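Atom set for the values below is all heavy atoms of this structure, side chains included, hydrogens, waters and symmetry mates excluded. Below, chain A is the first sequence line, B the second, and so on; all start at residue 1. Source: prediction; values computed, not measured.
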Amino acid sequence: MYWSRTLIPTSREAPTDADILSHKLMIRAGLIRRISAGVYDWLPLGWRAMQKINAVIREEMNAINAEEIHMPALLPAELWKQTGRYFDYGALLFKLKDRKGTEMILGPTHEECVTELVKAYVSSHKQLPITLYQIQTKFRDEARPRNGLLRVREFFMKDAYSFHSSLESLDRTYHDMYDAYVKIFQRCGIPAIPVEAESGPIGGDASHEFICPCEAGEDIVVRAADNSWAANLERAGRSTPVPTFSAAPQMPEAKLDRIQTPDAAAIDAVCKLLNIQSTQMIKTMVFRSGDAKTGKWIVACVRGDHEINEAKIRRIAGPVELADEAAARAAGFVIGYVGPHVANTIEAELIIDPDALLTANATSGANELHWHVTNFNWKQHLSADVQAKAIIADIRNVTAEDKAPNGTDLIFSKGIELGHVFKLGTKYSDALGAVYSDDKQQSHSVIMGCYGIGSGRILVGALETLSDADGIRWPMAIAPFHVIITPIKYDGQAREVADRLHKEFSARQIDVLVDDRDQRPGVKFKDADLIGIPLRIVLGDKSLATGQVELKERSKKDPEMVSIDKIVEHVTKLVRT
RNA sequence: CGGGGCGUAGCUCAGCUUGGCUAGAGCGCUUGGUUCGGGACUAAGAGGUCGCAGGUUCGAAUCCUGUCGCCCCGACCA
């Protein structure tokens with residue numbers, strides 16, 4: 001391709017609304033253009049990179065016998081109502097009506113659709129296992145799209161779904177996928193660490209996320225200092241054993257004191273007012289499970305300096321949500337001033353984190369507006385009945401004071417979630433009736449796994465982690481062009497050589513861009529660095545006179561001189577390895 | 001959804017507080033000249049319903065109301 005014939009709108013300045021490096025570079029290098037919040041045009045350079053990423057993904061998917069299909073983005077809402085996700089997904093789901101008034105959605109993911117497909121055609125164990133995938137546009141009406149391509153409303157995703165007649169078979173495919181993911185990110189040249197993630201209904205080792213470590217990321221990864229283990233913060237568990245209620249301190253002489261704390265609901269405010277440490281406090285939060293009629297209250301307690309981990313609560317109590325404030329108040333919870341002993345008077349499931357349980361003479365809410373209590377102790381101030389039913393469980397986020405499973409220190413870092421592999425179980429096949437017959441004519445729900453990669457996020461990860469002050473540095477595998485030819489002046493011998501090399505590289509399937517613009521050399525060099533093509537061939541009069549061209553790798557400081565008749569071979573070698 | 005900020009040329013922004021000449025600058029763009037190995041210089045130009053609607057006023061980019069759009073922080077840490 002010739003620069004003058006394509007569209008590469010580079011710019012010296014980044015728009016003010018771009019905050020993170022990758023976003024700035026994508027705009028400056030002319031990869032994408034925003035058309036609406038979280039919705040982008042893909043320009044030639046961006047699109048080329050995207051295609052290369054998808055090509056890598058395709059190759060690795062095909063290599064493990066996953067077969068590509070294509071499902072529609074426009075889906076009937078009915079299908080989603082059958083699994084309940086029409087409601088569970090909430091506002092994140094784009095909803096619309098067709099001309100007949102039929103409710104439709106734009107697919108944010110395709111479990112329903114693919115399960116429906118398999119239900120229609122797979123009925124025997126002999127047809128299993130099977131893995132189908134697609135690379136397709138997903139739609140999610142994000143509350144707050146942000147940071148360029150990091151969180152968008154329309155994006156590319158490779159989503160694969162596997163179907164099995166046994167958990168062992170699911171395990172095999174899961175591991176194949178896991179390995180394929182490792183290869184994909186390696187080939188794309190970006191760092192990605194697999195971490196344990198929330199595992200859902202199957203439990204155990206059923207879910208991994210692949211995280212690209214970088215500051216721009218929205219996820220928090222916890223890993224062992226010796227890299228022996230890593231997990232999503234949601235998932236990371238305490239390393240010390242969970243005690244039973246009897247481990248609570250015995251403080252027979254302690255007396256529960258009420259103390260006035262006007263307008264001090266937050267932990268920090270109370271600590272300041274009473275001049276105590278947050279470790280001396282018990283934080284109590286109220287959750288609600290089930291619907292308004294059948295649901296129950298859940299009172300969760302952690303030490304004041306700890307954060308409640310809602311995913312862990314869900315693991316114990318099933319689907320829960322933080323209680324609606326008005327509803328909780330109506331039920332008698334003094335939101336802002338709730339203490340654990342509220343369970344003495346209001347019927348609720350009490351879940352206590354071990355560190356909260358071991359806190360003696362704690363300060364907590366008094367269950368009265370503008371009042372707290374001090375010297376709270378579990379054994380004295382909970383009724384016998386409540387003590388007997390209380391659940392002691394790990395329900396907080398780990399902190400730097402915790403240890404990895406092997407006892408080493410924990411390190412916390414941010415990262416971008418690039419992909420996710422997940423053992424689904426029979427959630428969707430149950431809901432939609434996707435069953436197969438085994439060899440004894442017994443009917444079973446198909447066992448499923450699902451595996452996603454956000455292709456756009458690979459691009460974000462590459463720019464975030466590999467760029468330098470001058471611009472992008474594409475890994476060869478996903479570079480929009482392998483080589484850029486920069487004639488100092490596109491004229492005379494330089495022009496002849498540029499055209500000839502263009503032809504020869506193209507014939508070898510090497511993607512080449514000739515900067516044929518009538519620009520000063522400085523402009524061309526700056527732009528070449530900015531758009532980050534891995535190899536640059538400079539054609540200048542002086543070197544051409546000696547039968548040589550200058551070859552510079554974007555990631556290296558100094559160029560090398562290569563004779564004209566060797567350059568094609570030389571570059572081909574660099575591109576292929 | 002809550003809070004904050006911003007909408008003026010393709011891009012980055014000034015002007016607005018205190019209403020008043022033909023609405024400005026830099027970058028980019030067009031044409032000419034000089035330049036030509038790391039974002040050149042110069043001359044002449046093109047380009048704007050000041051987001052939109054309404055209001056106040058003799059007069060609105062500027063004040064008021066509404067509305068749309070965009071960005072940032074937060075979203076359950078009581």
- Task: Give A:R34 one of three labels, base, sugar-phosphate or nothing, depending on what nucleic acid heavy atoms sit under 4.0 Å from its own.
- Result: sugar-phosphate
- Task: Would you mind classifying the nucleic acid contact of A:A91 as base, sugar-phosphate or nothing, using non-hydrogen atoms under 4.0 angstrom?
- Result: nothing
- Message: I'd like to know if A:R146 reaches the base of B:rG74 with its side chain such that a donor and an acceptor end up less than 3.5 angstrom apart.
- Response: no
- Query: Is there a donor and acceptor pair, one atom on the side chain of A:R28 and one on the base of B:rG28, closer than 3.5 Å?
  - Reply: no
- Which base sits across from B:rG59 as a Watson-Crick or G-U pair, both distances under 3.5 Å? none
- Heavy-atom contacts under 4.0 Å between residues 541-566 of chain A and RNA chain B, which residues? A:S543, A:E550
- Task: Quick one: which residue pairs count as a side-chain hydrogen bond (donor to acceptor under 3.5 Å, both in side chains) with a foot in residues 138-151 of chain A, not counting sequence neighbours?
- Result: A:H110-A:K138, A:Q136-A:K138, A:K138-A:D159, A:D141-A:R153, A:E142-A:R151, A:R146-A:E218, A:R151-A:E218
- Task: Quickly work out the A:L92 CG to B:rA75 C1' distance and round it to whole Å.
- Result: 14 Å
- Message: Assuming nearest nucleotide by heavy-atom distance, tell me which of A:S36 and A:Y337 is located more 5' along RNA chain B.
- Response: A:S36
- Atom CG of A:D515 to atom C1' of B:rG38: distance rounded to whole Å? 13 Å
- Is it true that the side chains of A:Q548 and A:S543 contain a donor and an acceptor less than 3.5 Å apart? no
- Message: Does this structure show an ion pair linking A:K81 with A:E103, if we count only N-O contacts that are shorter than 4.0 Å?
- Response: yes
- For A:V334, which contact category applies under a 4.0 Å heavy-atom criterion: base, sugar-phosphate, or nothing? nothing
- Query: Is any side-chain N of the basic residue among A:D353 and A:K312 closer than 4.0 Å to the acidic one's carboxylate O?
  - Reply: no
- Task: Mind calculating the distance between CD1 (A:I8) and C1' (B:rG28) to the nearest angstrom?
- Result: 17 Å
- Item | Pair partner, B:rG69 [Watson-Crick or wobble, under 3.5 Å] | B:rC6
- So, for A:W47 and A:F156, is the gap between ring centers shorter than 6.0 Å? yes
- salt bridge (charged side-chain N to carboxylate O under 4.0 Å, His left out) involving A:K566 - partner list, sequence neighbours excluded: none
- Message: Pick the closest RNA chain B nucleotide for A:H306 and for A:D529 by heavy atoms, then say which residue is nearer the 5' end.
- Response: A:D529
- Query: Using atom C1' of each nucleotide, how far apart are B:rG39 and B:rG45 to the nearest Å?
  - Reply: 23 Å
- Item | Nearest-angstrom distance, P atom, B:rG47 to B:rU42 | 24 Å
- Using the P atom in both, what is the distance from B:rC71 to B:rU34, to the nearest Å? 47 Å
- Task: Verify the contact: side-chain N or O of A:N309 to OP1 or OP2 of B:rC77, cut-off strictly under 4.0 Å; return yes or no.
- Result: no
- Of all the choices, B:rG37, B:rC72, B:rC27, which nucleotide is nearest to the side chain of A:D19 once you look at every atom? B:rC72
- Message: Could you tell me how far B:rC73 sits from B:rC27 if I compare only their P atoms? Round to whole Å.
- Response: 32 Å
- Item | Cation-pi geometry met for A:K95 and A:Y89 (6.0 Å, 45°) | no
- Item | Protein-nucleotide distance (A:D527, atom CG; B:rG39, atom C1'), rounded to Å | 8 Å
Could you write out each protein N or O paired with an N or O of nucleotides 4-13 of chain B at a distance under 3.5 Å?
from	atom 1	to	atom 2	distance (Å)
B:rC13	OP2	A:T16	OG1	2.7

- Item | Strand partner of B:rC16, provided both Watson-Crick or wobble distances fall under 3.5 Å | none
- Euclidean distance for C1', B:rA61 against B:rU22 (whole angstrom): 15 Å
- Item | Nucleotide of B:rC77, B:rG37, B:rC72 approaching A:I488 most closely (side-chain heavy atoms) | B:rG37
- Query: Among pairs that include at least one residue of residues 2-27 of chain A, which meet ring pair (Phe, Tyr, Trp, His ring centres under 6.0 Å), considering only residues two or more places apart or in two chains?
  - Reply: A:Y2-A:H502
- Query: How far, in whole Å, is B:rA75 from B:rG19 if one measures between their C1' atoms?
  - Reply: 41 Å
- Message: Categorize A:I335 for me: base, sugar-phosphate, or nothing, with a 4.0 angstrom heavy-atom threshold over every strand shown.
- Response: base
With 3.5 Å as the limit, what N/O pairs link the protein to nucleotides 31-35 of chain B?
from	atom 1	to	atom 2	distance (Å)
B:rU35	O2	A:R520	NH1	2.8

- Query: Who does B:rG54 pair with, Watson-Crick or G-U, both distances under 3.5 Å?
  - Reply: B:rC64
- Item | Any pair counted as salt bridge (charged side-chain N to carboxylate O under 4.0 Å, His left out), so long as it reaches residues 7-29 of chain A, sequence neighbours left out | A:D17-A:R34
- Task: Find the partner of B:rA23: check Watson-Crick (N1-N3 plus N6-O4 or O6-N4) and G-U wobble (N1-O2, O6-N3) distances, both under 3.5 Å, and reply none if neither fits.
- Result: none
- Task: Mind checking salt bridge (charged side-chain N to carboxylate O under 4.0 Å, His left out) for A:E307 and listing every partner two or more places apart, or none if nothing turns up?
- Result: none
- Complement of B:rG47, any strand, by Watson-Crick or G-U distances under 3.5 angstrom: none
- Task: Could you pull out all residues at least two apart from A:D41 that satisfy salt bridge (charged side-chain N to carboxylate O under 4.0 Å, His left out)?
- Result: none
- Message: Counting only heavy atoms from other residues, nucleotides and ligands, does the tally under 6.0 Å from CZ of A:R33 exceed 12?
- Response: no
- Item | Rounded C1' spacing from B:rG7 to B:rU62 in Å | 15 Å
- Query: Rounded to the nearest Å, what distance is computed from the NZ atom of residue A:K24 to the P atom of nucleotide B:rC71?
  - Reply: 15 Å
- Message: Under 4.0 Å, counting only non-hydrogen atoms across every strand here, what does A:N397 touch: a base, just sugar-phosphate, or nothing?
- Response: nothing
- Looking at every strand, decide which applies to A:T486 at a 4.0 Å heavy-atom threshold: base, sugar-phosphate, or nothing. nothing
- Query: Just checking A:V538: base, sugar-phosphate only, or nothing, at a heavy-atom cut-off of under 4.0 Å?
  - Reply: base
- Task: For A:K272, enumerate each residue passing the salt bridge (charged side-chain N to carboxylate O under 4.0 Å, His left out) test, keeping only those at least two apart in sequence or located in another chain.
- Result: none
- Query: Choosing from B:rG74, B:rG38, B:rC77, which nucleotide comes nearest the side chain of A:R144?
  - Reply: B:rG74
- In Watson-Crick or G-U wobble terms, with both distances under 3.5 Å, the base opposite B:rA40 is B:rU34
- Item | B:rC1 pairs with, by Watson-Crick or G-U criteria that keep both distances under 3.5 Å | B:rG74
- Considering only NZ, NE, NH1 and NH2 on the basic side and carboxylate oxygens on the acidic side, decide whether A:D409 and A:K403 come within less than 4.0 Å. yes
- Scan residues 524-546 of chain A for pairs that pass ring pair (Phe, Tyr, Trp, His ring centres under 6.0 Å), counting only residues two or more places apart or in two chains. none
- Task: Determine the contact category for A:R536: base if any of its heavy atoms lies under 4.0 Å from a base atom, sugar-phosphate if only primed atoms, P, OP1 or OP2 are that close, otherwise nothing.
- Result: base
- Message: Listing request: all salt bridge (charged side-chain N to carboxylate O under 4.0 Å, His left out) pairs with a residue in residues 531-551 of chain A, at least two apart in sequence or in separate chains.
- Response: A:D529-A:R536
- Message: Given B:rG39, B:rG37, B:rC72, identify the nucleotide with an atom nearest to the side chain of A:P521.
- Response: B:rG37
- Task: Could you give the distance separating B:rU30 and B:rA46 at their C1' atoms, to the nearest angstrom?
- Result: 7 Å
